[in-house]
4 protein chains.
Amino acid sequence: MSKIRRRVDRLARVTDIDRPRRRLPRSVREQEIIDAALRVFAKRGYRAAVVDEIADLAGISKPMVYLYLGSKEGLFIACIRRETQRLVTAFREAAGAGDDPARRLWAGLTAFFGFVAAHRDSWVVLHRQAPEQSEAIAAELAAARRSVRAEVTGLIGDGIARGAGGAVHLGRDDADFVAHALVGAADSLTDWMELHPGEPPEGVTLRLMNMTWVGMRNVLAGEVWAPPR
Amino acid sequence: MSKIRRRVDRLARVTDIDRPRRRLPRSVREQEIIDAALRVFAKRGYRAAVVDEIADLAGISKPMVYLYLGSKEGLFIACIRRETQRLVTAFREAAGAGDDPARRLWAGLTAFFGFVAAHRDSWVVLHRQAPEQSEAIAAELAAARRSVRAEVTGLIGDGIARGAGGAVHLGRDDADFVAHALVGAADSLTDWMELHPGEPPEGVTLRLMNMTWVGMRNVLAGEVWAPPR
Amino acid sequence: MSKIRRRVDRLARVTDIDRPRRRLPRSVREQEIIDAALRVFAKRGYRAAVVDEIADLAGISKPMVYLYLGSKEGLFIACIRRETQRLVTAFREAAGAGDDPARRLWAGLTAFFGFVAAHRDSWVVLHRQAPEQSEAIAAELAAARRSVRAEVTGLIGDGIARGAGGAVHLGRDDADFVAHALVGAADSLTDWMELHPGEPPEGVTLRLMNMTWVGMRNVLAGEVWAPPR
Amino acid sequence: MSKIRRRVDRLARVTDIDRPRRRLPRSVREQEIIDAALRVFAKRGYRAAVVDEIADLAGISKPMVYLYLGSKEGLFIACIRRETQRLVTAFREAAGAGDDPARRLWAGLTAFFGFVAAHRDSWVVLHRQAPEQSEAIAAELAAARRSVRAEVTGLIGDGIARGAGGAVHLGRDDADFVAHALVGAADSLTDWMELHPGEPPEGVTLRLMNMTWVGMRNVLAGEVWAPPR
DNA sequence: AATGAATGAGCATTCATTCAT
DNA sequence: TATGAATGAATGCTCATTCAT
């Protein structure tokens, strides 16, 4: 009987079916380990995650985990890399190379919310982990987040560039500002989505677009808001 | 000589002046402990924070920490409570009770960004900690975040209610949606502010308002954006 | 009942009386820990030594060991330093500052054998450990051995300098050669002593002096041995 | 590609040329494994040696190592046996069966130093390993050392027997005493040789003989040294 | 004959928490 | 009130050894 059953699960430890699976080729096993790590890191946070649990969930022993990914840090970084890749890919493929910036942003955001709804763990690992655990992790997380933001900036900047006739307040680094705001909003809306399970990604995007894009369009057209004095 | 000096500081351990302080009244000492805890939790994250360092930073011995706050979890919860209180208060006082919803939102957000700029640790502890460390912490963090969002919802909802004539897409729980988005955006903009140290809180608010409020106003007026098909 | 009793002693684990001793002042406890470490390192070798056993033998828990000496390596280095100090002191006090080099060497060697007979562990730790475990250990062991050899070299060199009229083969770095040889011989003779428990240190010294000093004296006087051809 | 390449070499791991070798006769392969083991044990010490590295260095997989030598302990014992054999043989062949005891001792010691200079690993494995790792190893090491000492004792005892007319202090087990001392000296001089790379084995022997043999000869002739009182 | 894949068991180190004073 | 001294319980990581092919 596998070690999983013998261990006292702490709280509601993630478990899996107890199928004896052995002798997998390296590449397959490696992906499975990353799958497991992703879930555990997402559930517990980096520090609270325990390598033992990752091994259990992957259905192998701890030494295998270390043989494949080298260290807890290595596990985490592998997760970040793979999931960033996945998210960016989903984003890009959806945004495509169309002509209408609004359309592309809408498609990209929809893909984003769809991805997060389908792979909550990925997002949680990428954006809900304190980057203070180590130099390497900080660097990796920063890079990952930057690369996600870059996708948005690409779309936004594009839209702004095209539409920016006499825009006043939307200027130089505004695309970056907006990207920060949009990604932050999107992050937070992943929580909102959990509270509204029925809502499809398109709905979330529609709301967010209405909340922001309409305004940005108007602003670009010169209708600037200023605090009343 | 205090234990602080004998221990090898790990990396750049937060330190304080080595003044001998004794016999403080309970309430004062307790606040000092929470001050220390806040800094350490913000710097390291909940799990990585070490009670020893908190005690050192507070200038007292570990047993005192336990005497006052009971446990590491107790420390953390005390931090959350106090800082939520502070943030909400700052928000409320700024938003005031004026008549113009936009003005109130603007004032509230400005206070928010001003507060975060001045008390980064508070915000980091409230919004950058994984809530999965324990039941109690999850509950406390959820409550704290809800209560921050409630402030925003109050302003937004107010504004929406007053202006919402024939709004189509802004309906029942839209205020909550917008609050999520705004708080998330604000959180993320917290990072943006670190990259642009010169920008005053008012500037950040102005940009964010232009990005969202203008649009929301239009939407309320019936100008809805829909994805091109 | 203490943890000592609960643990399954592997082979013949060194144990001690199970007296509950608590709250010792730091300096005393530290010496006791070094005592325990010395025994365990001597018995098992650096790698095979287990910190748990050291803690058990010192009658405390493992965290105390780490609080006091920092790491297994720290424990080992502390042992080396203290015991080198002791051995060198014993050597020096015995050799004194007399006039007769032979007498001083004899006294020093006698002290040496006496010390080793009485503190086998010290010697074993200083001279029977592979210095390849870490940079720090290699350095420390090298220094320790050098400093022991230096004592001998001091005496030998002294004797040689005084008596060296027309010495042919005993010249420049001969003192170092002889020191190596003598210390090596002495090391090996500590084993011989274990096989001959009755023999007093003076006896061992007498034999060794007869084996070497007489010859060196003659050599200094010009009577050189050369291989027959 | 072999596993050697994928593993990160820890510090300066001993490596070898990456030639693919297969289907060697049992006896050859076994010797190659012992060669590899010898180097690794010498470099790291018994405990710190890792079977993986031995397999890598031997250019085969770990299971083969176990198939041939059974266990880490088995590897070590095989090393001890083979190298003892080699050293003793070198010693014997050099000492020959001549008539002059001094000459034979000189030749034996010269062979010894030559052997050690040429096969440092062998000596290190035989004389620089703590014998406390296991019963079997302790026994094997003791036997090996005894058998090396026996060679010396043979020569010494022979010399003493022949020359010992009215020797006073050289008596019953003196040969064993001298053998201990000589082998210990020789061991330590092994280090000295590393510090003086130019010195040929003959030179070392000459110095050692002058240091000891001349004296022993005199002592045998009755000129005994005694401590001044 | 040979090996890639796998693991049980151990070990150094850390940390929240509590006594004894 | 205040603390120096102490520890139980993890947790990351390693290594000798063995299957399944």
Side-chain angles (χ1 to χ4, degrees), chain A residues 2-3 10 20-26 29 47-55 59-68 70-75, chain B residues 2-3 6 10 22-26 29 47-55 60-68 70-75, chain C residues 2-3 10 20-26 29 47-55 59-68 70-75, chain D residues 2-3 6 10 22-26 29 47-55 60-68 70-75:
Chain A
S2 112
K3 207 163 130 201
R10 60 149 93 187
R21 250 179 332 166
R22 324 188 101 232
R23 312 267 147 194
L24 291 189
R26 279 186 98 87
R29 180 103 312 161
R47 277 290 288 239
V50 168
V51 179
D52 259 298
E53 189 180 0
I54 295 173
I60 56 173
S61 67
K62 229 186 330 178
M64 287 267 79
V65 173
Y66 280 89
L67 181 61
Y68 278 76
S71 68
K72 190 182 182 181
E73 196 184 57
L75 273 171
Chain B
S2 112
K3 206 162 133 201
R6 256 175 287 136
R10 61 152 89 188
R22 35 202 81 210
R23 313 275 153 185
L24 291 188
R26 230 190 141 80
R29 176 118 304 166
R47 277 293 286 237
V50 168
V51 178
D52 256 297
E53 190 180 359
I54 295 173
I60 57 172
S61 69
K62 239 187 318 181
M64 288 302 290
V65 172
Y66 280 87
L67 183 62
Y68 276 79
S71 69
K72 190 184 184 182
E73 197 182 57
L75 275 171
Chain C
S2 111
K3 207 164 131 202
R10 60 149 92 186
R21 248 179 333 165
R22 324 188 101 231
R23 311 269 147 194
L24 291 189
R26 279 187 100 87
R29 180 107 306 164
R47 277 292 286 241
V50 168
V51 179
D52 258 300
E53 190 180 358
I54 295 173
I60 56 173
S61 68
K62 234 189 321 183
M64 287 266 78
V65 172
Y66 280 88
L67 180 61
Y68 279 77
S71 69
K72 190 182 181 182
E73 197 183 56
L75 274 172
Chain D
S2 111
K3 208 163 134 202
R6 256 175 287 133
R10 60 154 89 189
R22 37 202 81 211
R23 313 273 153 186
L24 290 188
R26 232 191 139 77
R29 177 115 307 165
R47 276 293 285 238
V50 169
V51 178
D52 257 298
E53 191 179 359
I54 295 172
I60 56 173
S61 69
K62 239 185 321 180
M64 288 302 291
V65 172
Y66 280 87
L67 183 63
Y68 277 80
S71 69
K72 189 182 183 183
E73 197 183 54
L75 276 171

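Residue numbering restarts at 1 for every chain, and letters A, B, ... go by the order of the sequence lines. All values below come from the heavy atoms of this structure, side chains included, with hydrogens, waters and symmetry mates left out.
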### Message
Can you measure B/Lys72 atom NZ to E/dT17 atom P for me and round it to whole angstrom units?
### Response
8 Å
### Task
Output the single nucleotide from E/dA9, F/dT18, F/dA9 whose closest atom is nearest the side chain of A/Pro63.
E/dA9
### Query
For F/dT7, does OP1 or OP2 lie under 4.0 Å from any side-chain N or O of C/Tyr66?
no
#### Entry: Residues that C/Tyr66 engages under side chain to side chain contact (heavy atoms under 4.5 Å, CB included), provided they are two or more places apart
C/Val51, C/Lys62
### Query
Does B/Arg29 make a side-chain N or O approach to OP1 or OP2 of F/dT1 shorter than 4.0 Å?
no
### Message
Between D/Leu67 and C/Glu73, which residue's closest nucleotide on DNA chain E lies nearer the 5′ terminus?
### Response
D/Leu67
### Message
What's the closest nucleotide to the side chain of A/Leu24 if the choices are F/dC15, F/dT3, E/dA6?
### Response
E/dA6
### Message
Heavy atoms from C-beta onward define the side chain here; which of E/dT3, F/dA5, E/dA12 lies closest to that of D/Ser61?
### Response
E/dT3
### Query
DNA chain F: D/Ser71 or A/Val51, which has the more 5' nearest nucleotide?
A/Val51
### Distance (rounded to the nearest 0.5 Å) between A/Ile54 CD1 and A/Leu75 CG
5.0 Å
### Query
Side chain of D/Ile60: nearest nucleotide among E/dT3, E/dT13, E/dA6?
E/dT3
### Message
Using side-chain contact (heavy atoms from CB on, under 4.5 Å), reason through C/Arg26 and C/Leu67 one step at a time and then give a plain yes or no.
### Response
CA-CA 10 Å; C/Arg26 279 187 100 87; C/Leu67 180 61; 4.0 Å; yes
#### Entry: Length of the CZ-C1' vector between D/Arg47 and F/dC15, whole Å
10 Å
### Below 4.0 Å: OP1/OP2 of F/dA6 and any side-chain N or O of C/Tyr68
yes
### Query
Between A/Met64 (CE) and E/dG8 (C1'), how many Å, whole number?
13 Å
### Message
Strictly distance-based, threshold 3.5 Å: is any side-chain N or O of B/Lys72 a donor or acceptor partner for the main-chain N or O of B/Val50?
### Response
no
#### Entry: Separation of E/dT18 C1' from B/Asp52 CG (nearest whole Å)
14 Å
### Task
Starting at CG of A/Leu24, measure out to CE of A/Met64 and round the result to the nearest 0.5 Å.
10.5 Å
### Query
So which heavy atom on B/Ala55 is nearest to which on B/Ser61, and how close?
CB-C, 4.0 Å
### Query
Quick one: is E/dA2 close enough that its OP1 or OP2 comes under 4.0 Å of any side-chain N or O from D/Arg26?
no
### Task
Measure from the side-chain heavy atoms of B/Lys62 and tell me the nearest of F/dC19, E/dT17, F/dT3.
E/dT17
### Query
Given the rule that a pair is Watson-Crick or G-U wobble with both distances under 3.5 Å, how would you write DNA chain F in dot-bracket, using | for pairs to a different strand?
.||||||||||||||||||||
